[in-house]
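Input: a single structure, listed below in structure tokens.
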Amino acid sequence: MSSRLVGVGVGPGDPELVTVKGVNALRAAEIVVVPVMDSGERGRAEATVLHYAPAEKIVRVVFALNERTDRARREAAWDAAGERVAELLRQHGSVAFATIGDPNVYSTFTYLAQTIVESVPGVVIETVPGITAMQDLAARSGAVLTEGTEPLTLVPVTAGSAVLKDALARPGTVVAYKFGRQAAEVAEALRETGRLGDAVWGSALGLAEESIRPAGELDGEPLPYLSTLIAPARREGGRGGKL
């Protein structure tokens, strides 16, 4: 039988936001891989998985998740991580990879899957969708992501503040991911485009250290790396105005 690698989205942190299908996939897999930056670290994905799968079948695999400057080092680390997961597939046949959020939205899993397809002939790749941080922040803050014909733009601020400014200058709701280290630039972009008033940011959603605040309170101090921002669309016309 073919080996099977399943990317399972485990949500932004709250274990109650893992779907039933996700729980079943974690329990059905022989091994559950969780990505970490250091072998001694318990990351957010692992903390969530432990609510549904025993610790003895969880395997931490080190990825160069924060390496952006040294391409050779990053690729070497990716190759090593890919080979470790390939080895697990050869030994066990059924491996789940737990990723925060959704496995098809800015996830480590997409890069891993590309590597595994090349190194494990006949492997079956599947994904189980997960709740994203923008959905969770919208629910917890009361921000409405879209109405009617409004577009929704998702921007990783690691691409640069200019990309965010361009998105904010256009219609619709803008969601920014990974902006914690560039909080000052994000606040300035919101002010310049007149989008500061209704915007909200959040971090550690669903966890004890959760923080959800108006973007107007951004003071330029760095925030947690995995912070999320929602700048809702400008809305006029009352209820149903965009339908």
Side-chain angles (χ1 to χ4, degrees), residues 1-67 71 73-136 154 156 177-178 205-207 226:
M1 294 180 64
S2 299
S3 54
R4 186 178 302 273
L5 176 64
V6 183
V8 181
V10 296
D14 184 347
E16 292 186 350
L17 290 181
V18 183
T19 67
V20 173
K21 187 170 184 176
V23 171
N24 289 339
L26 294 172
R27 289 175 174 169
E30 296 175 50
I31 292 293
V32 179
V33 169
V34 293
V36 294
M37 290 186 289
D38 180 270
S39 59
E41 170 198 20
R42 174 181 290 182
R44 191 175 299 183
E46 181 178 353
T48 303
V49 169
L50 282 168
H51 285 80
Y52 301 107
E56 55 265 27
K57 77 174 188 179
I58 296 176
V59 175
R60 296 173 183 169
V61 174
V62 177
F63 288 81
L65 300 173
N66 62 345
E67 178 57 70
R71 181 172 180 176
R73 178 180 178 276
R74 182 177 68 245
E75 291 186 353
W78 272 104
D79 289 343
E83 180 51 41
R84 176 65 176 125
V85 175
E87 178 187 343
L88 291 169
L89 280 165
R90 297 184 192 107
Q91 294 173 351
H92 301 279
S94 175
V95 174
F97 182 92
T99 178
I100 59 173
D102 182 278
N104 293 303
V105 180
Y106 299 129
S107 170
T108 308
F109 180 75
T110 58
Y111 307 110
L112 175 65
Q114 294 170 14
T115 302
I116 294 300
V117 165
E118 296 172 358
S119 60
V120 183
V123 65
V124 175
I125 305 292
E126 298 178 357
T127 58
V128 177
I131 302 296
T132 61
M134 65 177 168
Q135 292 170 288
D136 195 15
L154 176 59
Y177 274 2
K178 306 177 183 179
L205 301 173
L207 303 176
L226 292 177

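Contact between D102 and N104 at its shortest, heavy atoms only, is OD1-N, 2.7 Å. Across all non-hydrogen atoms, the minimal contact from V34 to A45 is CG1-C, 4.4 Å. The two residues Y177 and A133 come nearest to each other via the heavy atoms OH-N, 3.5 Å. The nearest pair of heavy atoms linking I116 to G82 is CD1-O, 3.4 Å. Considering every non-hydrogen atom in both A96 and A25, the closest pair reads CB-O, 4.3 Å. Here the closest non-hydrogen pair linking G130 and P103 is N-CD, 4.1 Å.
Once rounded to the nearest 0.5 Å, the distance linking CD1 of I31 with CD of E87 reads 11.0 Å. Distance check: I131 CD1 to E16 CD gives 12.5 Å after rounding to the nearest 0.5 Å. Distance check, rounded to the nearest 0.5 Å: OG1 of T99 to CG of L112 gives 10.0 Å. We find the CZ-CD1 distance between R4 and I125 to be 10.0 Å, quoted to the nearest 0.5 Å. Distance check, rounded to the nearest 0.5 Å: CD1 of I58 to CG of L26 gives 8.5 Å.
Checked by atom type and distance alone, the side chain of K21 never pairs as donor or acceptor with a backbone atom of P129 at under 3.5 Å. In this structure, Y52 contributes its side chain and P15 its backbone to a donor-acceptor pair below 3.5 Å. Proximity of a side-chain donor or acceptor of T115 to a complementary backbone N or O of Y111 within less than 3.5 Å is detected. For R42 (side chain) and A47 (main-chain N/O), no donor-acceptor pair under 3.5 Å exists by modelled atom type.
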Quiz item: Y106 and I100: side chain to side chain contact (heavy atoms under 4.5 Å, CB included), yes or no, with the steps?
Solution: CA-CA 10 Å; Y106 299 129; I100 59 173; over 6 Å; no
Practice problem: Evaluate the criterion side chain to side chain contact (heavy atoms under 4.5 Å, CB included) for residue pair L5 and V120; output intermediate values, then yes/no. | Solution: CA-CA 10 Å; L5 176 64; V120 183; over 6 Å; no
Practice problem: Take Q135 and L17, measure what side chain to side chain contact (heavy atoms under 4.5 Å, CB included) needs, and give me the verdict at the end. | Solution: CA-CA 11 Å; Q135 292 170 288; L17 290 181; over 6 Å; no
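Using the six-membered ring where Trp is involved, F97 and F109 have ring planes that are tilted, between 30° and 60° apart.
Under 4.0 Å is where a charged nitrogen must lie from a carboxylate oxygen, and between R90 and E83 at least one such pair does.
Between V95 and V59, the closest side-chain pair of non-hydrogen atoms is not below 4.5 Å. Residues L207 and R44 meet the side-chain proximity criterion, which asks for heavy atoms closer than 4.5 Å.
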